[in-house]
Colleague: 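Mind looking over this structure? Questions follow.
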Protein chains: 2
Amino acid sequence: MAKTTTTRKAAAVRQRGVTMTDVAQHAGVSRTAVSFVLSNRENASISEETRTRINDAVKALGYRPNAGARALASQRSDWYGLVTEIVTAPFAVDIIKGAQDQAWLDHRFLLIAPSDQADAVGPNQGLEDAATEKLLEQRVEGLLYAATYHRGVHVPESAHEVPTVLINCFDADGKLPSIVPDERGGGRVAVDRLLRAGHSRIGVINLDPHIPAAVGRLEGAREALAGAGLELDPELVVSGHATADGGYAAACEILDRYPQQDRPTALFCLNDRMAMGAYDAIKERGLTIPGDIAVIGFDNQELIASYLRPKLTTVALPFEKMGALGVQTLAALTAGQPITADQQLVDCPLLERSSV
Amino acid sequence: MAKTTTTRKAAAVRQRGVTMTDVAQHAGVSRTAVSFVLSNRENASISEETRTRINDAVKALGYRPNAGARALASQRSDWYGLVTEIVTAPFAVDIIKGAQDQAWLDHRFLLIAPSDQADAVGPNQGLEDAATEKLLEQRVEGLLYAATYHRGVHVPESAHEVPTVLINCFDADGKLPSIVPDERGGGRVAVDRLLRAGHSRIGVINLDPHIPAAVGRLEGAREALAGAGLELDPELVVSGHATADGGYAAACEILDRYPQQDRPTALFCLNDRMAMGAYDAIKERGLTIPGDIAVIGFDNQELIASYLRPKLTTVALPFEKMGALGVQTLAALTAGQPITADQQLVDCPLLERSSV
DNA sequence: CCGAACGAAGACAACGTTGTCAAGAAGGGA
DNA sequence: TCCCTTCTTGACAACGTTGTCTTCGTTCGG
């Protein structure tokens, strides 16, 4: 044993690594005791004195438990893997923030691995597979997949080996639990707001009509109108590119199509970038916001919404919350709890600013 | 040995873990051979046949090396730690992207840990310390610190235990290598562009004059003007809040102060958000961009710069490049190479759009 | 004064690798 | 036939923990 100790010490000198054995020695107790104290085990009985002696030794030596060794021995890593294209296309960064914060609270580490912006069925999943594989090599206890925009995705085969949760996207094969924004609720809230402000003739600047966001938000708009006994006039729905230019073009089309008295008094833009374009179209025509035309957006892209003049009233995508909820759901899964729902919807809250 | 094998197998059944021993058995070779092949060691001589047999077995069994065990045994984790407030305040996300991509290329993992937005000397470093500590527990081989905006920072004591590189910030104590944007070069490039377009009376909308970005960019502007035999008129430099409102106010002040013939024909806004406000001030006065007044920004905030109408010509902050360079520098350091420079400057390129 | 009950020590096997080494088997050339 | 490569093996000690068990002093209540 004396020999072992010497070897260890030599290693410590070489590598600057303080081990539990060192702590035990310094405190004059057994390794077992140290392990018990450090991992705070319940069934063990350790006197207060020994406990403080050990803690002092830990501080004195600057001991830092080796997470890898702990993982190896205890067969649990406390690591989750997050594979996401968000790093590549940083639109929904707040998902990462939410997940990261929640993981931190739960004393877990998030290993973030990049994936390319894959389309739903695309063959371009090289990076995604590789990322998943790498994460599994690290023995993560669960996986999260996060997308920049709400859509169906295909997840690599190997993801099924551990608990997996999808964030801001859903499993095209319908096998994995997912967290997505409540687009319909968001659309309802937006149009409700306009109705409350007295508008009844509302133009809609639509996204690509096939994506889940467009479908949901439009459906919500319809519901809100129905609640007020109104119907959505298909003529007032114009689709365009999801950019400022697209919004500008669409807004021009709606605004120029009718004589003043028939012109919609409010525009529901299905995203903030398009709202940005709509602003320009409105201002160009000498109209004021919200005096002549009220505008409401969607997405709450801070840089746009709160820097536009007047500041844009919009519906927020609950990225941060979805990230946090994803981690929570994953934690529940890894703890062996059954899934509560296949698809959890998260509220899209209205952010009142000055454009309505 | 037979006994050991049995135990292992039982464990494998329980835990679904395929180990090197399993692979060796399946391929009918020794563990040693498998280890040699998988870690691609040089001094070993393995016949082509054995090699393929082993690789086949790996695939057949779906063997995945256990990264933690490897790290433990080989004393290297292939992990770098990145502690950053960017996750919290996602302005400079591209630093993460650059670092992430580079790390991926180098077959290394980036552990990202959050820190709060700490001021230069603030006492608010609780999270930062904790993050650093956690990362060191994971036995990262080096640390990166990244800030959202260019400034001096204090790094936790324990960061000095491993190679450390600062990105978009610098060590207030001057001990650690750092990667920062070449603000002066950026300022020069911006004003040069305006000079080339024939402007000689240039207004400057300044940031808080004390931060490194303002100092550098202004210095660069001065150099460019000097190159054309001009001087920077201190009267034309107006400082404001680093927001659209601040930019609006500052632009109003400059535009309204002079009669038309003395009015500056170009504005150099030290960031894009202020340029956004300046746009409004200019348009409000019935002036056109770039016809009456040219505008150039700084930061290249995509959402603003490329969605403003006309699109904003601006100078880009090389976030992605800085991130990549940070990882490269760290790789050099961990490989034992000496540091080439205390502070590496990265070019800020001009992005031509339509506002000049 | 005896037997619990408690606090602690010590031993040992795992966890899945890496790394080193001595030694054996097969094959080739002289 | 013998030696010398070229492959390949088996053994063993690390790496730093966790986890389980047995053992052994103390101390305390009865």
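Note: hydrogens, waters and symmetry copies are ignored here, and every other heavy atom, side chains too, is used. Here the structure is a predicted model, which is why all the values come from computation and not from measurement. Throughout, a chain's letter reflects where its sequence line sits, starting with A, and its residues are numbered from 1.
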Colleague: Whole angstrom is fine here: how far is it from CG in A:L72 over to C1' in D:dG19?
Modeller: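 Those two atoms, CG and C1', are 13 Å apart.
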Colleague: So what does A:T32 touch, heavy atoms closer than 4.0 Å: a base, only the sugar-phosphate, or nothing?
Modeller: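 Answer is base: heavy atoms of A:T32 come under 4.0 Å of a base.
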Colleague: Which residues pass the ring pair (Phe, Tyr, Trp, His ring centres under 6.0 Å) test with A:F319, not counting sequence neighbours?
Modeller: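 For A:F319, the residues satisfying ring pair (Phe, Tyr, Trp, His ring centres under 6.0 Å) (neighbours in sequence not counted) are A:F91.
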Colleague: Starting at CD of B:Q75 and ending at C1' of C:dG19, how long is that distance when rounded to a whole Å?
Modeller: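 Distance, rounded to whole Å: 12 Å.
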Colleague: Rounded to whole angstroms, how far apart are CD1 on A:I46 and C1' on C:dA9?
Modeller: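 Going from CD1 in A:I46 over to C1' in C:dA9 covers 10 Å.
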Colleague: Just how far, in rounded Å, is C1' of C:dT18 from CG of B:N40?
Modeller: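 In whole Å, C:dT18 C1' and B:N40 CG are 15 Å from each other.
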Colleague: From C:dT20, C:dA8, C:dA9, pick the nucleotide closest to the side chain of A:S47?
Modeller: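 The answer is C:dA8.
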Colleague: Counting only pairs under 3.5 Å, give me each side-chain donor-acceptor contact of residues 163-174 of chain A, with atom names and distances, residues two or more places apart or in other chains.
Modeller:
{"unit_1": "A:T164", "atom_1": "OG1", "unit_2": "A:A159", "atom_2": "O", "d": "2.8"}
{"unit_1": "A:T164", "atom_1": "OG1", "unit_2": "A:V162", "atom_2": "O", "d": "3.0"}
{"unit_1": "A:N168", "atom_1": "ND2", "unit_2": "A:A147", "atom_2": "O", "d": "3.0"}
{"unit_1": "A:N168", "atom_1": "ND2", "unit_2": "A:T148", "atom_2": "O", "d": "3.3"}
{"unit_1": "A:D171", "atom_1": "OD1", "unit_2": "A:D173", "atom_2": "N", "d": "3.0"}
{"unit_1": "A:D171", "atom_1": "OD2", "unit_2": "A:K175", "atom_2": "N", "d": "2.8"}
{"unit_1": "A:D171", "atom_1": "OD2", "unit_2": "A:L176", "atom_2": "N", "d": "3.2"}

Colleague: Restricting to ring pair (Phe, Tyr, Trp, His ring centres under 6.0 Å), what partner residues turn up for A:W104, sequence neighbours left out?
Modeller: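 Residues passing ring pair (Phe, Tyr, Trp, His ring centres under 6.0 Å) with A:W104: none at all.
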Colleague: Between C:dG19 atom P and B:M20 atom CE, what is the distance in whole Å?
Modeller: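 After rounding, the gap between these two atoms is 11 Å.
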Colleague: Write down the protein N/O and nucleotide N/O pairs, taken from nucleotides 22-28 of chain C, whose separation is under 3.5 Å; answer none if there are no such pairs.
Modeller:
none

Colleague: Could you give the CG-to-P distance, from B:L38 to C:dT18, as a whole number of Å?
Modeller: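 So the two atoms are 7 Å apart, to the nearest Å.
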Colleague: Should B:S74 be listed as having a side-chain N or O under 4.0 Å from OP1 or OP2 of D:dC15?
Modeller: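 Looking at the OP1 and OP2 atoms of D:dC15, neither is under 4.0 Å from any side-chain N or O of B:S74.
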Colleague: Of the listed nucleotides (C:dA8, C:dG16, D:dT18), which one gets closest to any side-chain atom of B:T19?
Modeller: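 In terms of side-chain proximity for B:T19, the closest of C:dA8, C:dG16, D:dT18 is C:dG16.
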Colleague: Which is more 5' along DNA chain D, the nucleotide nearest B:R53 or the one nearest B:A73? Just name the residue.
Modeller: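 Result: B:R53.
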Colleague: Give a yes/no answer on whether the side chain of B:T50 brings an N or O atom under 4.0 Å of OP1 or OP2 in D:dC7.
Modeller: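 No, no such contact exists.
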Colleague: Contacts to DNA chain D from residues 55-70 of chain A, heavy-atom cutoff under 4.0 Å, which residues?
Modeller: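 Heavy-atom contacts with DNA chain D come from A:Y63, A:R64, A:P65, A:N66, A:A69, A:R70.
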Colleague: OP1 or OP2 of D:dT18 less than 4.0 angstrom from a side-chain nitrogen or oxygen of A:S35, does that happen here?
Modeller: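 Yes, A:S35 has a side-chain N/O under 4.0 Å of OP1/OP2 on D:dT18.
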Colleague: Could you tell me whether a side-chain N or O of B:E141 sits under 3.5 Å from a main-chain N or O of B:D78, the two making a donor and an acceptor?
Modeller: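 Pair found, side chain donor or acceptor close to backbone of B:D78.
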Colleague: Mind calculating the distance between CZ (B:R31) and P (C:dT18) to the nearest angstrom?
Modeller: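 Roughly 11 Å, once rounded to whole Å.
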Colleague: Please list, chain by chain and in numerical order, all residues satisfying side chain to side chain donor-acceptor pair (under 3.5 Å) with A:T52, sequence neighbours excluded.
Modeller: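 Checked A:T52 against side chain to side chain donor-acceptor pair (under 3.5 Å); zero matches.
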